Amino acid sequence: MRYQAGRHFLQIPGPTNVPDRVLRAIDMPTMDHRGPEFQALALEVLEGLKEVFQTREPVVIYPASGTGAWEAALVNTLSPGERVLMFETGQFATLWKKMADRLGLKTEFIATDWRRGADAAQLEERLLADTGHEIKAVAVVHNETSTGVTSRIPPLRAAIDRARHPALLLVDTVSSLGSIEYRHDDWGVDVTVAGSQKGLMLPPGLSFNAVSAKARTAARQAKLPRSYWSWEEMQASNTQGWFPYTPATNLLYGLREALAMLREEGLQNVFLRHRRHGEATRRAVRAWGLEVLCLVPEEYSNTLTAVLTPPDHDADHLRRIILERFNMSLGTGLGKLAGRVFRIGHLGDFNDLTLIGTLGGVEMGLATAGIPHRRAGVQAAMDSLTEPASMAGERRAA
Ligand SMILES: Cc1ncc(COP(=O)(O)O)c(C=O)c1O
């Protein structure tokens, strides 16, 4: 491959750009994971993570991608043949459901058109009908990375409570944690699944489970086979700052730095920043005359926007042109959205000028690919970012 001057624009919805501070923190000699320096690091990050999950409960760290943490959430809490209710919000929900099927669980999949989130009324109706309490868990993807739709968790929790149903609530926050408001404790979530490579601004390789007391109790009865993913040994070791097997030591240096950065900016400011960039991106898409895939304004994702291309224009052709001409990677359409959407990631280590550069690349790409549009998206985004209300929000103190 020919050298391309200037920095590659990695604007897929994760893995995200890793800030220099985090890269430098990772760039350390390998350490003894049974020594005192590691112990102090582990205790610090295990405690610090709780702030990001907004929990007082333990958080488990796996040397694994998000898929591992999905599996951990299921195998620690459930037994073979037990029923799990899931929502088909998009490709990631579909993959999690397939995993549950493969593990020997009985899944029920509530369909959507992939343009909206999980529906609380449907959940309540289904749980009320389950008078024998056969459904043991409800599993939801908070931010569906394939569609750019954020399901609202508090109404789902309220639906479970109104139905007086004892099912556990399992939530995937792989592409929302550390970017979009999320409260493990206040929202009554039993297991939160997350990964390192998106809002936490780390390379791929770590994933997490935040675990409620109710989920820890369920784990004592759960019969699905588990070894590597077992919370029990992990939590027993973690309380002393150890791991039952070799942890991803250098990524934990990076995690410590990323947690410090989120704390310095202030989590609420991080959420606000993502809101501003989500809003400006959507205004750009409308100004181009294109369509945002998400149909429900209250469910717009602030970490990514999936954009529909006109029917006879292949979104992957546009992505290819943008990569070749402007050295920028955008997210591809996944599953049944292949070729129909491209996804703009606006999460992680990302600011106003990163957004304008990103949207500039898309606008030039649309012109180069001959996709009919108005050349007004970048201007609309700049107008959005410089509105007095948007600027005022940005200046809020950490
Ligand atoms: C919402 C969501 N869940 C789960 C996953 C799977 O995580 P991983 O690819 O890290 O295994 C992803 C990956 O992008 C995701 O976006």
Side-chain angles (χ1 to χ4, degrees), residues 10-18 53 60-75 84 86-103 107 109 112 114 116-118 138-153 156 169-180 182 184 189 191-210 228-229 248 251 254-255 258 274 278 293-294 299-306 329-335 337-338 341-348:
L10 179 68
Q11 295 316 139
I12 59 175
T16 61
N17 295 287
V18 179
F53 286 84
V60 171
I61 306 175
Y62 295 108
S65 81
T67 302
W70 265 349
E71 183 160 338
L74 298 173
V75 297
V84 185
M86 304 175 107
F87 287 86
E88 192 207 341
T89 48
Q91 180 67 5
F92 289 101
T94 303
L95 293 175
W96 201 10
K97 186 247 182 211
K98 278 189 188 154
M99 171 189 276
D101 288 334
R102 282 197 294 259
L103 291 170
T107 53
F109 214 23
T112 81
W114 289 34
R116 67 196 70 241
V138 175
V140 184
V141 176
H142 180 220
N143 187 71
E144 183 42 88
T145 324
S146 62
T147 61
V149 175
T150 308
S151 286
R152 287 163 286 177
I153 303 302
L156 297 170
L169 177 58
L170 317 180
V171 181
D172 168 342
T173 65
V174 171
S175 61
S176 55
L177 190 87
S179 309
I180 298 173
Y182 184 79
H184 176 87
V189 178
V191 187
T192 298
V193 171
S196 56
Q197 74 272 29
K198 306 204 188 218
L200 290 178
M201 306 177 288
L202 293 162
L206 294 179
S207 58
F208 312 94
N209 277 178
Y228 186 80
W229 306 115
L251 286 177
L255 177 59
H274 284 81
L293 182 69
C294 178
E299 294 177 340
Y300 285 147
S301 169
N302 287 325
T303 57
L304 77 136
T305 301
S329 296
L330 295 170
T332 185
L334 296 173
L337 296 171
V341 306
F342 64 94
R343 294 173 300 143
I344 304 170
H346 34 82
L347 73 162

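Quick caveat: nothing in here was measured; it's all calculated off a predicted structure. Note that ligands are numbered from 1 as they come in the structure, with each ligand's atoms numbered from 1 the same way. What's counted below: heavy atoms across the whole structure, side chains too, no hydrogens, waters or symmetry copies.
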Does Phe92 reach the side chain of Val174, with side-chain heavy atoms less than 4.5 Å apart? no
Nearest-neighbour protein heavy atom for atom 3 (N) of ligand 1, which is reported as residue plus atom name and distance: Asp172 OD2, 2.6 Å
Can you tell me which residue among Val193, Asp172, Thr173 is in a side-chain contact (heavy atoms from CB on, under 4.5 Å) with His142? Thr173
Just which atoms of ligand 1 are under 4.0 Å from any heavy atom in Gly66? 7 (O), 8 (P), 10 (O), 11 (O)
Is there any N or O on Phe92 that sits under 3.5 Å from an N or O of ligand 1? no
What residue among Asn302, Thr305, Thr16 forms side chain to side chain donor-acceptor pair (under 3.5 Å) with His346? Thr305
Within-shell test, Trp96 vs ligand 1, heavy atom, strictly < 4.0 Å: no
Does Thr67 approach ligand 1 within less than 4.0 angstrom via side chain, backbone, both or neither, non-hydrogen atoms only? both
Minimum-distance protein heavy atom relative to atom 4 (C) of ligand 1: Trp70 CZ2, 3.1 Å
Hey, are the side chains of Thr145 and Arg343 touching, using non-hydrogen atoms and a 4.5 Å cut-off? yes
What protein heavy atom sits nearest atom 1 (C) of ligand 1, and how far off is it? Thr145 OG1, 3.1 Å
Give the atom numbers and elements of ligand 1 that come within less than 4.0 Å of a heavy atom of Ser65. 8 (P), 10 (O), 11 (O)
Within the 3.5 Å criterion, strictly below it, is a donor on Glu144 or Thr89 matched to an acceptor on the partner's side chain? yes
Where the closest heavy atom to atom 10 (O) of ligand 1 is concerned, which of Met99, Gln197, Lys198, Glu144 has it? Gln197
Could you walk me through whether Ile61 and Leu255 satisfy the side chain to side chain contact (heavy atoms under 4.5 Å, CB included) test, starting with their C-alpha distance in whole Å, then the side-chain angles of each, then the deciding distance to 0.1 Å, before giving a yes or no? CA-CA 11 Å; Ile61 306 175; Leu255 177 59; 4.2 Å; yes
Quick one: closest heavy-atom pair of Ala194 and Leu177, and the distance? CB-CD2, 3.9 Å
Does Asn143 reach ligand 1, in the sense of a heavy atom lying below 4.0 Å from it? yes
